[in-house]
Amino acid sequence: MAKIQAVKGTRDLYPELFRPIRRIFDAWRRASELHGFEEFESPTLEYLDLYREKSGDELVGQLYRLTDAGGRELALRPEMTPSLARMVAAKINALAKPIKWFCIPKLFRGENVQRGRLREFFQWNVDVIGSDSPVADAEVILVGIEALRNLGLTAEHISVHISNRRLIAAILSAAKIDGGEQAGAYALLDKAGKMKSDELATKWNEKFGERLSLDQLREWMEAETIGQLADGVRRKLTMTDELEAATQQTSDVMSALSAFGVGDFCKLDLKIVRGLAYYTGPVFEFFDKSQNERAICGGGRYDDLLGKFGKQQEPAVGFGMGDVVLSLLLEENGLLAEANMSLMVFVADAVEGLRDEVQRVVAGLRRAGVQAEFNYAPQALGKQLKQADKRGATAVVILGDETRERGACQVKLLASGNSTEVTIESLLANPRAAIPFG
RNA sequence: GUGGGUGUAGCUCAGCUGGUUAGAGCACUAGGUUGUGAUCCUAGGGGUCGCGGGUUCGAAUCCCGUCACUCACCCCA
């Protein structure tokens, strides 16, 4: 193929493809602003070191790297959180806390392309920095849910699975599986769904079996409420202060979600682990209930990350929600269609010598806040009407002899074909009244 | 990285067992229609049949290679 096409994993977003994505942006922005988050932006290019030091190996392996003319090693940003952490850390003392920011960056990851996974995509990021309250965790989840509700998704379609890394770590610690060993335990658990169960059991029992049986741990991880889990753990393990605190934190997040009125979307699910290295507390993922798609959204608490950029430690919680899986989900549920109720008017001339008048009326309509279109070159009226129809106009304003004689024009509604005569003066003074729209 | 599927017009595809000048629908442009669109009718533009090689009198079709896209696995923001 000699033609140069769009790079693998990227999209040429023609207007008809970008339209539904823009609708998603609108929902994201509206939800963010309603919940008190402010939009920010950061550079697409970052120093490679930003990710080498702050992100997990997984992400670093997928980085798009480049060297600039000055020999600097750069990368296209694969996630937003390190940039956010840097920006906030640099001004931490000047910013009122809690800091509530959001953004809709384009991100880049050189991963295998498949359903729901591209190499360039949009991702809505929402973060609260400077609060360790479980209510902050809950509010972040709430914004995500509300945006999805804006798009027509309900608790019928999606559920939010909530876990807590700190809680799992505390359980393991209480069972005497400590620091260094925990990574290995996580890795095994993460594979739980994919490995044959006896194979998993063998590996687990080799390393940890004497301290904590796999069956026991899995039973706990299946718990659907924090109370159920806590009861089970108390019966088998000696409670530590950390275990109590982590249990309380998880419970507080769940209650705050109920208080916000979105408890029906949320459930405890300790099987959620999350790949990113920097999560320290509650973590969560949004899934579609049909389980046809990958996670729509993922995030959690990262209390240690800010400290790596500045002298000051700041608690933080946030998530990322990509446009790709969400679009697939909306399409599956027939929610992609956009009811375009906006008013568009096409201005046509029926007789010669009115081109200037067409432009005057078009400019006047636009100044009055109405989207108006016209043909650059003179054309037969029939052609202009055809053109108006193709452009999706609601109404056509036809200038003709009546314009010259009475200063009036014909307003024709394309849906019904009916037309009325109004004066140009009144049309421009109040277009929405003069055009019997809707 | 592993495995499968698919490459023919802008899009969806037909063209199977080789045989004139490669087709259809949709879309696009123009005309039918110099003061009234949608439907309808007519015409037109648009193809190195992914690319390279081989077999053959003859290849979109058969063979080999290659590339691209895509789905799944692995992995996972």
Side-chain angles (χ1 to χ4, degrees), chain A residues 1-12 14 16-17 51 54-63 77-82 105 107-125 187 190-191 193-195 272-279 283-286 292-300 302 318-326 328 346 348-354 375 378-405 409-421:
Chain A
M1 189 155 296
K3 260 191 300 186
I4 295 178
Q5 48 188 2
V7 171
K8 185 186 179 76
T10 68
R11 294 169 288 181
D12 285 330
Y14 291 89
E16 70 267 24
L17 295 177
Y51 306 110
K54 315 299 180 197
S55 301
D57 290 343
E58 183 65 34
L59 268 185
V60 174
Q62 296 177 348
L63 280 176
R77 62 183 177 198
E79 60 164 337
M80 202 60 186
T81 309
L107 301 181
F108 304 83
R109 286 179 201 170
E111 68 181 329
N112 285 330
V113 174
Q114 54 194 297
R115 185 177 174 87
R117 284 286 180 276
L118 296 174
R119 292 180 175 177
E120 182 190 35
F121 53 94
F122 296 101
Q123 189 191 67
W124 178 38
N125 280 251
D190 197 33
K191 298 255 188 296
K194 296 146 195 164
M195 216 181 268
I272 301 296
V273 178
R274 311 273 316 140
L276 285 178
Y278 48 65
Y279 289 115
V283 292
F284 51 87
E285 290 186 351
F286 290 34
N292 285 337
E293 306 297 344
R294 298 153 188 278
I296 305 158
C297 168
Y302 51 99
F319 69 76
M321 183 188 293
D323 71 300
V324 183
V325 175
L326 180 54
L328 289 171
F346 194 99
D349 52 351
V351 297
E352 283 182 29
L354 287 173
N375 266 359
Q379 260 193 327
L381 181 59
K383 296 291 167 202
Q384 296 182 71
L385 284 163
K386 196 176 266 187
Q387 188 65 231
D389 191 47
K390 272 182 198 160
R391 297 277 191 121
T394 312
V396 180
V397 168
I398 301 167
L399 310 181
D401 293 326
E402 61 270 56
T403 307
R404 288 211 187 90
E405 291 159 11
C409 62
Q410 198 190 121
V411 175
K412 181 186 176 78
L413 290 179
L414 286 180
S416 63
N418 297 336
S419 49
T420 53
E421 189 176 302

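Residue numbers start from 1 in every chain, and the chains themselves are labelled A, B, ... in the order their sequence lines are given, proteins ahead of strands.
One can place CZ of A:F286 at 21 Å from P of B:C76, the figure rounded to the nearest angstrom. Between A:D349 atom CG and B:U36 atom P the separation is 14 Å, expressed in whole Å. Rounded to whole Å, the distance from CD on A:E285 to C1' on B:C76 is 10 Å. Computed from coordinates, the A:I398 CD1 to B:G37 C1' distance equals 9 Å when rounded to whole Å. We find that CD of A:Q62 is positioned 14 Å from P of B:G1, with the value rounded to whole Å. To the nearest angstrom, P of B:C69 lies 16 Å from CZ of A:R11. The CZ atom of A:F346 sits 14 Å away from the P atom of B:G37 (whole-angstrom rounding). With rounding to whole Å, A:L63 atom CG is found 14 Å from B:C76 atom C1'.
To the nearest 0.5 Å, atoms CG (A:D349) and OG1 (A:T403) are separated by 9.5 Å. The line from CD of A:E285 to CD1 of A:I296 is 10.5 Å long, rounded to the nearest 0.5 Å. Note: A:N375 CG to A:K383 NZ = 11.0 Å, rounded to the nearest 0.5 Å. Atom CG of residue A:L17 and atom CG of residue A:D12 lie 9.0 Å apart, to the nearest 0.5 angstrom. With values rounded to the nearest 0.5 angstrom, A:D323 atom CG is found 9.5 Å from A:L107 atom CG.
Within 4.0 Å of A:V396, counting heavy atoms only, lies no atom of the nucleic acid at all. At a threshold of 4.0 angstrom between heavy atoms, the contacts of A:G400 include nucleobase atoms, whether or not backbone atoms are also involved. Heavy atoms of A:E402 sit under 4.0 angstrom from at least one base atom.
For A:Q123 (side chain) and A:E79 (main-chain N/O), no donor-acceptor pair under 3.5 Å exists by modelled atom type. Judged purely by atom type and a 3.5 angstrom limit, A:R119 uses its side chain to pair as donor or acceptor with the backbone of A:E111. With A:E120 contributing its side chain and A:R11 its backbone, the two residues share no donor-acceptor pair below 3.5 Å. Although no hydrogens or angles enter the test, the distance criterion places a donor-acceptor pair under 3.5 Å between the side chain of A:R294 and the main chain of A:R115.
Taking the P atom of each, B:A24 and B:G45 are spaced 12 Å apart, rounded to whole Å. Nucleotides B:C71 and B:C49, compared at atom P, are 27 Å apart to the nearest Å. Of the C1' atoms belonging to B:C74 and B:C67, the separation is 24 Å, rounded to the nearest Å. Comparing B:G46 with B:A68, their P atoms sit 30 Å apart, to the nearest whole Å. Comparing B:G58 with B:G53, their P atoms are spaced 15 Å from each other, to the whole Å. Taking atom P in both B:G5 and B:C75, the straight-line distance is 24 Å, to the nearest Å. To the nearest whole angstrom, the two C1' atoms, one in B:U55 and one in B:G65, are 15 Å apart. Look at the C1' atom in both B:A9 and B:G44: the space between them is 14 Å, to the nearest Å.
Residues A:Q384 and A:V396 form no side-chain contact, since every pair of their non-hydrogen atoms from C-beta on lies 4.5 Å or further apart.
A donor-acceptor contact under 3.5 Å is not formed by the side chain of A:R109 with the base of B:C76. For A:Q410 against B:U36, a side-chain N or O and a base N or O form a donor-acceptor pair under 3.5 Å.
Contact between A:Y302 and A:G318 at its shortest, heavy atoms only, is CE2-N, 3.7 Å. For the residue pair A:G9 and A:L118, the shortest heavy atom distance occurs at O-CB, 3.4 Å.
The residue among A:I296 and A:D401 whose nearest nucleotide of RNA chain B lies closer to the 5′ end is A:D401. In terms of position along RNA chain B, the nucleotide closest to A:K390 lies nearer the 5' end than the nucleotide closest to the other residue of the pair A:K390 and A:A415.
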Problem - A:V113 vs A:K8, side chain to side chain contact (heavy atoms under 4.5 Å, CB included): CA-CA, chis, key distance, verdict - result: CA-CA 8 Å; A:V113 174; A:K8 185 186 179 76; 4.1 Å; yes

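Pairs of Watson-Crick or G-U wobble type, with distances under 3.5 Å, assemble into runs of 3 or more in RNA chain B at these ranges: B:1-7 with B:67-73, B:10-13 with B:23-26, B:28-32 with B:40-44, B:50-54 with B:62-66.
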Every protein N/O within reach of nucleotides 70-72 of chain B N/O, cut-off under 3.5 Å:
| from | atom 1 | to | atom 2 | distance (Å) |
| --- | --- | --- | --- | --- |
| B:A72 | OP2 | A:R115 | N | 3.2 |

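Of the residues in residues 381-389 of chain A, those with a non-hydrogen atom less than 4.0 angstrom from any atom of RNA chain B are A:L381, A:G382, A:K383, A:L385, A:K386, A:D389.
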